[in-house]
There are 2 protein chains.
Amino acid sequence: MEKMNGFESSKKSDSDSNKDKCLSDDVIINLDQGDPTAFQEYWMKMTDRFTVVIPGWDLMSYFSDTKNVCWFLEPELEKAIKALHGTIGNAATEERYIVVGTGSSQLCQAALFALSSLSEVTPVSIVAAVPYYSTYVEEASYLDSKLYKWEGDARTFDKKGPYIEMVTSPNNPDGTMREPVVNRREGGKVIHDFAYYWPHYTPITRRQDHDLMLFTFSKITGHAGSRIGWALVKDIEVAKKMVQYLTVNSIGVSKESQTRATTILNELTKTCQPQSESFFEYGYEKMKSRWERLREVVESSDVFTLPNYPQAFCNFFGKTISTSPAFAWLGLKEERDLGSLLKEKKVLARGGDRCGCDKKYVRVNMLSRDDDYDGFLHRLATIKDLKCIVP
Amino acid sequence: MEKMNGFESSKKSDSDSNKDKCLSDDVIINLDQGDPTAFQEYWMKMTDRFTVVIPGWDLMSYFSDTKNVCWFLEPELEKAIKALHGTIGNAATEERYIVVGTGSSQLCQAALFALSSLSEVTPVSIVAAVPYYSTYVEEASYLDSKLYKWEGDARTFDKKGPYIEMVTSPNNPDGTMREPVVNRREGGKVIHDFAYYWPHYTPITRRQDHDLMLFTFSKITGHAGSRIGWALVKDIEVAKKMVQYLTVNSIGVSKESQTRATTILNELTKTCQPQSESFFEYGYEKMKSRWERLREVVESSDVFTLPNYPQAFCNFFGKTISTSPAFAWLGLKEERDLGSLLKEKKVLARGGDRCGCDKKYVRVNMLSRDDDYDGFLHRLATIKDLKCIVP
C-alpha cells in the first residue's frame, strides 16, 4: 500500500517553495511519490487567462449532460480534451466515448470493473510486464474483489482464462515505450495507460488508436491536486460500465476541477501555436536539462546505472528529440538495496521490489521542485564508492 | 445499480432554470435522484463573498498537509468544518480525525473497507433497517469484495459474525430519526450517516457523538457538483485505513472543490449570526413550505400516504420546529405500484423495492428546482381516484 503520509518531508506550501534554495543535509527529500510540482514556475509566470472564477451559485447539480453516456462530464471539458489531443497528435478521439475520472487511478479501477464484469468468466487475471507501476498491484488487490485478481508479471503469465494487461507507455517506472506482451488470440483485454505520452517526456511518434486509453491532467501540466483524468473508450458497453463504477464510487467527478481543467487545457492548446510561450517547449527543455544533469552525476562515479533511450522524430515538435521520462529508473551496478542506501542520505525513492523487480533499482520522481531535485543530485554525487558504505 | 443517465429529463442548465415556469405535461420530471438544486436561488442572490478565484499556479500538489493522517485534507477546510459543526451544534468534532472524500459515497466505501479490513473475520455483514438508502446496496455489492457482504434488512438480520450497520438519521428515504437496531454486545460496528442532520431538514435535538459519522456538503448547501464529504472518526486506525482507501481509490480529493467548500462553509457559518441572511432560516422556510403544499395535495384525495413527524425543540433555532425531510416517502393506500403510476404521469421517483420495501412506496426528491416541484404537485393533484387508472 502506498504510504503517502507519516513522513517528514521537504514539501513546502506553494508560497514558500522558492525561499530556501539550499536544502540542509538533514532535510528528507521525498522522491517516492510522483508529485509533479516541477512545472509550477511556468504557471507562476502566466497571466490571468489561466485563472478560474466560480460564483457561489454555479456548478451545483450532480449532472452535466444527461444525454451523454458520461452524464457527469462537463461538455466544455470534452471539447478541450479533444482539441488538445488534436493539436498534439498523440491519440485518436474520433468515435470514442470520453469518461472523466477523479484522476486516472479511479478510471483504471473503473476499467478493471468494466472489463471484468463484462467477462463471462471471473476472476479475470490482471497482469503487467515488470517493472510495473506499483499502484496497479494495490488497485487490483485492496478490495479483494471476486471480479479480478492481480497475477503479476505479464512476461511469465501462463494462467488460462480471461486476462487484462496493463500497458503503460512510456512506462512508469522505467520510461521505455511498451507494447502488450501476452498477446493471446482470445480472452485478452488491454488497458493502455498513456499518462506520460506527451511531448515534454517522449517523442510523439504515432497517434495512439486503442480500445481503452487512459490519460491524466496531473502529468501533463502538473495539476495533480485537481484529480482529473480521462479515458478514451471505443466500446459503448465498456464506457457504460465505467460510468456505472464512477456513479457508485463517487457519484461523478468534481465540477470545480473539471472547470479548471477546461480553462487550463484550452489555454495550453493555445500555447502550442507559433509565437506562443509553449508549455511543452518549456517542459521539454526543463526535463532534458534535469536528465542531462542526472546523467552527469551518474557517469561521474562507477556506482549507478540508468536506462538509455533512443532519439526519435517527434511529430509534434517536427524534429528529432530525446526522451526525458517523468521518473528515473536508477540502478546499482552491485547487488545491493539502493532504496536503503538512498535512505541513509535522507532521500526517499520507491524500491524496485514494489515494481516487481529487484531492490537494486529505485524509481525516482523527476518532477519535484527545483530545490528538492538539486538536493537529490548533490547527495547522489557524494556516493562515489559503495565499499565505503556499511552494507 | 443507480441509473443516472439514459433519460430525457427536465434538467436545465443553471442559466435557464427559471425561464419556463410552467412545465408542459409531456416533459419528464425526474425526482428519482436527490439532485439538490432547490437552494440555487439563495446562492444567486448572494454577493461575491461566495465566489472563489483560483490562479493557474495554485493547488498543484497531491499533498495538503503531510503531517495530517488525512494528508490530502486542506487545513482550511478542516477548520471550516469544525467551525460549522460548532455553530450548528449537530456533531462533536473534538478528539476526532477528519477524513475528506469525493462525496460521502466514497467515504462510506472507505469506511466499509476500513472496518472490514480491521476485522479478524471476513466477509463482514453489512446491514441497514428498511427502508434504506438504495445506494448502500450497490456500494456494498458492486465489486463483489471478499471483505464484506450486503445482508439486507438490519431488523431481520440473524447471521453470526461481525457486522456493520448503516444508520442514516434522519433516514433516507423516509425522514425518520434512527438508532442502531442490531445492538449485539460484540462484533458490531456502526456507520452513522448524518447527511440530513441539519436544521433546515430536522430539529437539532442533540450533539451527535459517535465513533464514525459521515457528512456531505451536497445536502447542506446544495453544492452536489463539488463532490465533497467528510467523516468524523474517533479511532486513528480506522481513519488511517480510510485514508489508505482514498489514496488507492483516487489519490485524494479535488483541491478545487475543497477550496470552494471552505469558502462557502465559512461564509455559511457567518450567515448563522444574528442580523444575517441566514441560509438555514431560508432553507427551513423553503422546505416547510414545500412540505405543507405536498400535504395539502395528499390530503385532497384519499389515494396517498405520507409519514408524520413529531415537532421538537431545535437547539440551533432555539424554538420548536417541524421536520421537512429532503425526500418524501410517498405511499399508496392500496397495494399498487406507485412508481409505475407516477411514470404514467411522467414523474420519475425511486421505487420502494429498491429501498428494501414495497412498490406501493416511492422516494421523491424534495430538493428539485421550483418548476419541477410545482409540476410534480400539479400532476399529483390530478390523481384523485385509483379506480380510474388502468392497473
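All heavy atoms count here, side chains included; hydrogens, waters and symmetry mates do not. Here is the naming used below: chain letters follow the sequence lines, and residue numbers restart at 1 for every chain.
For the pair B:Y142 and A:N249, the tightest heavy-atom approach, listed with the atom from each and the gap, is OH-ND2, 3.1 Å. Across B:S257 and A:E256, no two heavy atoms sit closer than the pair OG-OE1, 2.9 Å. Heavy atoms only, all atoms of each residue included: B:S105 and A:V248 are closest at CB-O, 4.1 Å.
In terms of heavy-atom pairs under 4.5 Å with chain B, the best-connected choice from A:P55, A:G252, A:S117 is A:P55. Per-residue heavy-atom pair counts under 4.5 Å with chain A were compared for B:L107, B:I54, B:V53, B:I228, and the maximum is reached by B:I54. Heavy-atom pairs under 4.5 Å with chain B were tallied for A:K255, A:M46, A:Q106, A:K146; the largest tally goes to A:K146. By number of non-hydrogen pairs under 4.5 angstrom with chain A, the leading residue of B:G103, B:G222, B:G101, B:S104 is B:G222.
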Pair B:R260-A:L59, side-chain contact (heavy atoms from CB on, under 4.5 Å): steps then yes or no: CA-CA 11 Å; B:R260 186 158 182 241; A:L59 309 175; 4.0 Å; yes

What verdict does the side-chain contact (heavy atoms from CB on, under 4.5 Å) test give for B:R227 and A:Y62, after you've listed the backbone C-alpha separation in whole Å, the side-chain angles of each residue and the deciding distance to 0.1 Å? CA-CA 8 Å; B:R227 313 307 313 117; A:Y62 289 109; 3.5 Å; yes

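A distance of 8.0 Å separates CD in B:Q40 from CG in A:D58, rounded to the nearest 0.5 Å. Here the OG-CZ distance, from A:S61 to B:R369, works out to 6.0 Å after rounding to the nearest 0.5 Å. Rounded to the nearest 0.5 angstrom, B:D144 CG and A:T122 OG1 are separated by 7.5 Å. Separating the OG1 atom in B:T216 from the CD1 atom in A:I251 is a distance of 8.0 Å, to the nearest 0.5 Å.
Residue contact with chain A, scored on non-hydrogen atoms closer than 4.5 Å, involves the side chain of B:Q109 exclusively. Only the side chain of A:S218 comes within less than 4.5 Å of a heavy atom of chain B; its backbone N, CA, C and O stay farther away. If you measure heavy-atom distances from B:Y148 to chain A, the contacts under 4.5 Å come from the side chain alone.
In this structure a side-chain-to-backbone donor-acceptor pair under 3.5 Å is present from B:S145 to A:L143.
For A:S250 and B:T102, the side-chain atoms include no donor-acceptor pair closer than 3.5 Å.
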